[in-house]
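For reference, the structure is listed below as structure tokens.
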There are 2 protein chains.
Amino acid sequence: MATILIIDDEKEMRELLRLYLEPEGFTCIEADDGEAGLAEFGRRHIDLILLDIMMPKLDGYRFCMHVRERSQVPIIFLTARSDEWDRVYGLKIGADDYIVKPFSPNEVVARVHAVLRRTKGTDATSQYEAGSIVVDEKARKVTVNGKPVVLTLKEFELLVLFLKHRGQVFTREQLLDRVWGIHYVGSTRTVDTHIKTLRIKLGEAGQLIQTVWGVGYKFDETI
Amino acid sequence: MATILIIDDEKEMRELLRLYLEPEGFTCIEADDGEAGLAEFGRRHIDLILLDIMMPKLDGYRFCMHVRERSQVPIIFLTARSDEWDRVYGLKIGADDYIVKPFSPNEVVARVHAVLRRTKGTDATSQYEAGSIVVDEKARKVTVNGKPVVLTLKEFELLVLFLKHRGQVFTREQLLDRVWGIHYVGSTRTVDTHIKTLRIKLGEAGQLIQTVWGVGYKFDETI
DNA sequence: CAATAATTTCACAAAGTTATCACAATGATT
DNA sequence: AATCATTGTGATAACTTTGTGAAATTATTG
């Protein structure tokens with residue numbers, strides 16, 4: 001689940017947010033000003049930042065600007081007044097949303113979910129290659145030897161997962177978790193069917209998806 | 001020759017700049033704060049702005065942000081300390097250069113020439129083409145095979161977004177975020193209806209808006 | 001304030017995808 | 001070689017998503 005960095009100089013505010021978010025399964029990390037926040041941000045992987053504007057030392061604007069020099073991590077501003085947002089927005093420092101204090105638990109949780117959902121897969125290059133297979137994740141296009149191949153949703157996501165973790169063996173359960181989602185219920189044999197169709201559609205290159213007997217499947221360019 | 005708007009609260013500074021620039025053939029207009037500057041900017045055609053950061057009423061940051069809402073006119077900031085520039089640059093408010101006070105006549109003239117040279121023709125027409133579709137964003141006009149097509153607001157903005165990111169797949173939520181705004185509440189199926197009408201209005205070319213089953217839509221000239 | 005246009009919602013039809021099953025084929029074990 | 005477990009495969013029913021026309025709602029314009 002996602003890790004959220006909460007930056008606010010008020011301890012009560014940080015704890016309130018943590019109280020809302022942790023039951024949802026988010027991991028929360030706190031920092032009491034911009035400098036501490038930057039330190040935490042450098043130290044570990046952060047999926048989203050909740051950021052107060054008014055803070056000692058390094059304020060929210062400047063913090064955001066520093067972070068934006070090296071990352072497109074989603075940032076939600078916490079503002080006391082909505083016209084503070086005008087400034088954030090007008091300055092185009094790349095904030096993703098804002099929440100005006102005081103806020104309700106639902107609002108915070110909803111905004112966090114919404115921002116994570118819409119920023120998912122927005123950054124970085126999205127092109128993967130393996131042998132004759134070329135996958136463009138953003139465009140959701142696949143070619144084999146330059147010829148386009150049309151994949152269904154599940155086939156595509158399986159292939160992307162394999163390409164992102166070449167050589168790693170996945171059990172059927174792991175594939176179901178990561179492509180279908182953790183709430184999937186049903187037969188693990190479903191995976192087999194999708195592997196089958198994927199192999200057929202990839203043609204020759206389909207052999208790169210290898211069966212690991214008694215375990216699961218892996219994508220491997222070597223034998 | 002070019003017209004330059006000088007905005008600074010110190011009369012001596014404005015006159016100094018004018019003294020440097022007029023011999024070079026530039027026409028200079030003065031304003032003593034951001035508000036007066038905006039008024040001048042609205043009143044006549046300006047080719048470049050020399051802008052002090054520290055000013056009463058409307059400071060340089062805010063002035064710049066206002067101007068950028070409606071114009072890409074080149075702006076050169078005048079700063080007393082170089083770390084003020086860090087802020088301007090980091091905030092990405094679209095400044096073109098900066099000059100640290102005190103400055104030499106040569107420096108000012110050289111920077112102004114350089115910026116004008118560099119930005120010349122940048123104002124470009126905002127024209128996009130794809131197949132038989134031609135979109136003029138500024139004029140908000142669309143033609144297909146040379147024939148004008150009348151689009152509604154949402155249809156137009158969808159089309160422009162698609163053209164700006166050809167090939168990229170957008171989920172319905174992403175489209176709602178970027179065309180309707182991040183705080184839109186309502187059915188995601190609304191998107192479908194607008195896609196439908198847009199496709200119909202574009203005729204043959206409507207096929208370029210492709211459905212990506214289980215994900216969303218993309219604009220793609222290839223298959 | 002009426003008229004018009006634009007947008008959203010809804011319900012149903014159409015299209016496409018996915019899950020499951022049964023049986024065949026294959027690999028491992030004795 | 002025989003047995004058992006696992007994997008491959010084709011068919012199809014169940015399900016999800018998308019397209020579409022019409023109605024309801026909202027916004028804009030004269």
Side-chain angles (χ1 to χ4, degrees), chain A residues 117 140 142 148-162 169-220 223, chain B residues 140 142 148-162 169-181 183-220 223:
Chain A
R117 202 165 47 232
R140 289 194 166 251
V142 179
V149 173
V150 179
L151 299 183
T152 67
L153 179 64
K154 294 286 191 282
E155 288 159 6
F156 184 83
E157 303 221 313
L158 273 173
L159 181 58
V160 168
L161 179 62
F162 278 131
V169 180
F170 291 94
T171 65
R172 289 175 180 71
E173 284 83 2
Q174 287 171 334
L175 292 172
L176 286 171
D177 277 355
R178 301 188 62 164
V179 173
W180 277 254
I182 54 171
H183 298 301
Y184 176 83
V185 282
S187 160
T188 57
R189 297 302 309 283
T190 294
V191 175
D192 298 41
T193 302
H194 290 275
I195 294 286
K196 177 193 60 174
T197 56
L198 183 52
R199 279 173 171 162
I200 292 170
K201 288 186 180 178
L202 294 178
E204 283 276 292
Q207 297 173 1
L208 298 179
I209 300 173
Q210 300 180 11
T211 303
V212 181
W213 213 89
V215 186
Y217 300 95
K218 69 170 173 176
F219 187 96
D220 209 327
I223 314 143
Chain B
R140 290 198 162 252
V142 179
V149 172
V150 179
L151 299 184
T152 67
L153 178 65
K154 295 286 190 282
E155 287 159 6
F156 183 82
E157 302 219 313
L158 274 173
L159 182 58
V160 168
L161 179 63
F162 278 131
V169 178
F170 292 93
T171 64
R172 289 175 178 72
E173 286 195 332
Q174 287 170 335
L175 292 171
L176 287 172
D177 280 350
R178 301 186 64 163
V179 173
W180 277 255
H183 291 149
Y184 175 83
V185 283
S187 161
T188 57
R189 295 303 307 282
T190 295
V191 175
D192 298 42
T193 301
H194 289 274
I195 293 285
K196 178 190 61 174
T197 56
L198 183 52
R199 279 173 170 162
I200 292 170
K201 288 186 180 179
L202 294 177
E204 281 276 293
Q207 297 173 1
L208 298 179
I209 300 173
Q210 301 180 8
T211 302
V212 182
W213 214 90
V215 187
Y217 299 95
K218 70 172 170 177
F219 187 97
D220 207 329
I223 315 143

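Below, chains carry the letters A, B, ... as their sequence lines are ordered, and counting in each starts from 1.
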In whole angstrom, what separates [X]'s [atom1] from [N]'s [atom2]?
{"X": "B/K196", "N": "D/dT18", "atom1": "NZ", "atom2": "C1'", "result": "12 Å"}
{"X": "A/I195", "N": "D/dT7", "atom1": "CD1", "atom2": "P", "result": "11 Å"}
{"X": "B/E157", "N": "C/dA6", "atom1": "CD", "atom2": "C1'", "result": "14 Å"}
{"X": "B/D192", "N": "D/dT17", "atom1": "CG", "atom2": "P", "result": "12 Å"}
{"X": "A/R140", "N": "D/dT17", "atom1": "CZ", "atom2": "P", "result": "13 Å"}
{"X": "B/L175", "N": "C/dT8", "atom1": "CG", "atom2": "C1'", "result": "16 Å"}
{"X": "B/L158", "N": "C/dA6", "atom1": "CG", "atom2": "P", "result": "15 Å"}
{"X": "B/Q210", "N": "D/dT18", "atom1": "CD", "atom2": "P", "result": "14 Å"}

Is there a side-chain contact between [X] and the phosphate of [N], meaning an N or O under 4.0 Å from OP1 or OP2?
{"X": "B/Y217", "N": "D/dT17", "answer": "no"}
{"X": "B/R172", "N": "D/dT17", "answer": "no"}
{"X": "A/T211", "N": "D/dG8", "answer": "yes"}

Between A/F156 and A/R140, what is the shortest heavy-atom contact and its length?
CD2-NH1, 3.3 Å
Closest non-hydrogen atom pair, A/Y217 against A/L175:
CD1-CD1, 4.2 Å
Taking any heavy-atom pair under 4.0 Å as a contact, classify A/V215: base, sugar-phosphate, or nothing.
sugar-phosphate
Would you mind classifying the nucleic acid contact of A/V191 as base, sugar-phosphate or nothing, using non-hydrogen atoms under 4.0 angstrom?
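A/V191: no heavy atom of the nucleic acid under 4.0 Å.
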B/L159 pairs by side-chain contact (heavy atoms from CB on, under 4.5 Å) with which of B/V149, B/L202, B/L208?
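When side-chain contact (heavy atoms from CB on, under 4.5 Å) is applied between B/L159 and each of B/V149, B/L202, B/L208, only B/L202 qualifies.
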Is there a donor in the side chain of B/T188 and an acceptor in the side chain of B/E173, or the other way round, less than 3.5 Å apart?
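No.
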Assess the side chains of B/R199 and B/T211: does a donor N or O sit below 3.5 Å from an acceptor N or O?
yes
What residues form a side-chain hydrogen bond (donor to acceptor under 3.5 Å, both in side chains) with A/T193, not counting sequence neighbours?
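Result, side-chain hydrogen bond (donor to acceptor under 3.5 Å, both in side chains) vs A/T193: none returned.
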Salt bridge flag under 4.0 Å for residues B/K196 and B/E155:
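The answer is no: the pair does not qualify as a salt bridge.
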Do nucleotides 13-30 of chain C as a string where each nucleotide becomes B, S or -: B if the base has a protein heavy atom under 4.0 Å, S if just the sugar-phosphate does, - if no protein is that close.
---SSSSB------SS--
